[in-house]
J.: 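Got a structure here, written out as structure tokens. Questions coming.
The chains referred to below are lettered A, B, ... by the order of the sequence lines, with proteins before strands, and numbering in each begins at 1.
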Number of protein chains: 2
Amino acid sequence: MSTRCLVNGRASSQVAADDRGLLYGDGLFETLRVIDGRAPLWAGHMHRLSRGCERLGMPAPDTDTLREEVSALTRDEGPSVVRITWTRGRGARGYGPPASPQCMRVVTASPAPVLDPDWSAAGIRVRFCDTRLAVQPALAGLKHLNRLEQVLARAEWRDPDIVEGLMRSMDGAVVCATAANLFARIDGVWVTPSVENCGVAGVARAEVLAQWPQCRVGTIEMGALMQAEEVFLSSSVRGILAVGDLAGRRLQVGADTRTMQAHFAQLLELGA
Amino acid sequence: MSTRCLVNGRASSQVAADDRGLLYGDGLFETLRVIDGRAPLWAGHMHRLSRGCERLGMPAPDTDTLREEVSALTRDEGPSVVRITWTRGRGARGYGPPASPQCMRVVTASPAPVLDPDWSAAGIRVRFCDTRLAVQPALAGLKHLNRLEQVLARAEWRDPDIVEGLMRSMDGAVVCATAANLFARIDGVWVTPSVENCGVAGVARAEVLAQWPQCRVGTIEMGALMQAEEVFLSSSVRGILAVGDLAGRRLQVGADTRTMQAHFAQLLELGA
């Protein structure tokens, strides 16, 4: 099974060179885990995508069409990672969006990564990145195509034993990992950073918050995080990644983390 | 004359759907004015592009190849606007850049816009945008592909009589227009905003600074700008755009602005 791709519904691996997604990063994307045509967190992904379109002032995709395309690409396949890219399409030169955009969609499916069993047993190793997240409320929360901050942060290390890097905002608070959200139990209280100023409103993050209404959404400072009793990352592709080594500090994988890990393992069929 | 396009040196209007330029905005671009194969500010554009590659940790393009491609697309044509897009190419899923990227280049030429003669005579009308520029020193100055802030700012107005919109940084200082740099004479001293925290280090801006070594690079607050004696915008495609109406305040096009306008009109062959 290799990568399969639909561009505006047709089998293709090419897009227009003057698409605004390439010219300006003018669009959004979703990355989701799909098992034999079923996407467990589908509603959450579609909700974020349509909310993102509203905020960028572009038409939302037809979710039935997307569902059929995702299904067509993944049916009779093993677990897949699907990326849906939705851009404002082609346009005349210049930043100004066309009055009636002809949006472009790309749906790509590839084999889901096989997760290292050690990750769930002992937890993963995580570092801090130097690259900061800019404070930009107009774009915060969205999974848009402007991802150079994440690219620069992920380029900071090559050690394959380090699975993720935590990113701080320009004002110093810890916000998220390069491709996952952050949860920490600090003084007995679970907290996840707000994504009002930067970061992505993860679909797996929303699922954790739905499971744990008592989890606080707030600010996590570096010092407080280093004193946390439990830390994990959430991802709609990789599930719950318990943190066992936080920039050199050993952490136990606690009971709450194990509970949430089990919830996501079942939800995302991570054993599949 | 319509748009002509080369992708990696071959006539094409398509790029790979998994190019990191589309996936993450992982790349840079230049937009330049070319007259019959000659690009007056070529050295400045190539300098910014190669400096941008260094900062993003990607290989720089071969400038001789680019020059040949630009020349091939514009030779025997009228004045053209050329866009050069340089991305980190295709890569495995995930933000991490490939160890040995096969960068992609797109060179596109279209007819240069015809400038309204009133713009240079009486000056243009300019507004203030609500969309702010995030403070991000890691990306500031670069002409990278993450341009959603400019897209949102340019989407704020449709009145064709308003030619440009000024953008402030998150901390309130005025930084630039959506697609041009800003110069203002305040209390007899020319100033242009620093691009250390946000904004693009314009090639035309560098040319103005080279002509006027006495011009200060600093901070321009809203209040000070509204008291300026002269204001203009610089663009390597449109030259010097004198501001005649700054968010409702009438401004004279002063002698210094006329001098710089004339310099760029000759340099960019704007009469051509």
J.: For chain B and chain A, what donor-acceptor pairs lie under 3.5 Å, backbone included?
T.:
{"residue": "Ser13(B)", "atom": "O", "partner": "Ala17(A)", "partner atom": "N", "Å": "2.8"}
{"residue": "Val15(B)", "atom": "N", "partner": "Val15(A)", "partner atom": "O", "Å": "2.8"}
{"residue": "Val15(B)", "atom": "O", "partner": "Val15(A)", "partner atom": "N", "Å": "2.8"}
{"residue": "Ala17(B)", "atom": "N", "partner": "Ser13(A)", "partner atom": "O", "Å": "2.8"}
{"residue": "Leu23(B)", "atom": "O", "partner": "Arg83(A)", "partner atom": "NH1", "Å": "3.4"}
{"residue": "Leu23(B)", "atom": "O", "partner": "Arg83(A)", "partner atom": "NH2", "Å": "3.0"}
{"residue": "Tyr24(B)", "atom": "O", "partner": "Arg147(A)", "partner atom": "N", "Å": "3.0"}
{"residue": "Gly25(B)", "atom": "N", "partner": "Leu145(A)", "partner atom": "O", "Å": "3.4"}
{"residue": "Arg83(B)", "atom": "NH1", "partner": "Leu23(A)", "partner atom": "O", "Å": "3.4"}
{"residue": "Arg83(B)", "atom": "NH2", "partner": "Leu23(A)", "partner atom": "O", "Å": "3.0"}
{"residue": "Arg132(B)", "atom": "O", "partner": "Gln136(A)", "partner atom": "NE2", "Å": "2.8"}
{"residue": "Gln136(B)", "atom": "NE2", "partner": "Arg132(A)", "partner atom": "O", "Å": "2.8"}
{"residue": "Gln136(B)", "atom": "NE2", "partner": "Glu149(A)", "partner atom": "OE2", "Å": "2.6"}
{"residue": "Leu145(B)", "atom": "O", "partner": "Gly25(A)", "partner atom": "N", "Å": "3.4"}
{"residue": "Asn146(B)", "atom": "OD1", "partner": "Arg147(A)", "partner atom": "N", "Å": "3.1"}
{"residue": "Asn146(B)", "atom": "OD1", "partner": "Leu148(A)", "partner atom": "N", "Å": "2.9"}
{"residue": "Arg147(B)", "atom": "N", "partner": "Tyr24(A)", "partner atom": "O", "Å": "3.0"}
{"residue": "Arg147(B)", "atom": "N", "partner": "Asn146(A)", "partner atom": "OD1", "Å": "3.1"}
{"residue": "Leu148(B)", "atom": "N", "partner": "Asn146(A)", "partner atom": "OD1", "Å": "2.9"}
{"residue": "Glu149(B)", "atom": "OE2", "partner": "Gln136(A)", "partner atom": "NE2", "Å": "2.7"}

J.: Between Val151(B) and chain A, which part of the residue has a heavy atom less than 4.5 Å away: side chain, backbone, both or neither?
T.: both

J.: Below 4.5 Å, heavy-atom pairs only: which of Cys198(B), Ala16(B), Pro113(B) has the largest tally toward chain A?
T.: Ala16(B)

J.: Based on non-hydrogen pairs under 4.5 Å, which of Leu56(B), Leu22(B), Val135(B), Leu133(B) is most in contact with chain A?
T.: Leu22(B)

J.: Could you tell me which of Gly57(B), Cys5(B), Pro137(B), Ala99(B) has the largest number of non-hydrogen atom pairs under 4.5 Å with chain A?
T.: Ala99(B)

J.: For residues Ala17(B) and Val7(A), report the shortest heavy-atom separation together with the two atoms involved.
T.: CB-CG2, 4.5 Å

J.: Show every ring pair (Phe, Tyr, Trp, His ring centres under 6.0 Å) that has at least one partner inside residues 161-181 of chain A, sequence neighbours left out.
T.: none

J.: Quick one: pull up CG in Leu142(A) and CG in Leu148(B) and give me the separation to the nearest 0.5 Å.
T.: 8.5 Å

J.: Among Leu139(B), Val106(B), Val81(B), which residue forms the greatest number of heavy-atom pairs with chain A at distances under 4.5 Å?
T.: Val81(B)

J.: Side chain from CB out, backbone as N, CA, C, O: work out which of these in Ala153(B) comes under 4.5 Å of a heavy atom of chain A, or both, or neither.
T.: neither

J.: Does any backbone or side-chain atom of Leu152(B) lie under 4.5 Å from a heavy atom of chain A? Answer side chain, backbone, both or neither.
T.: side chain

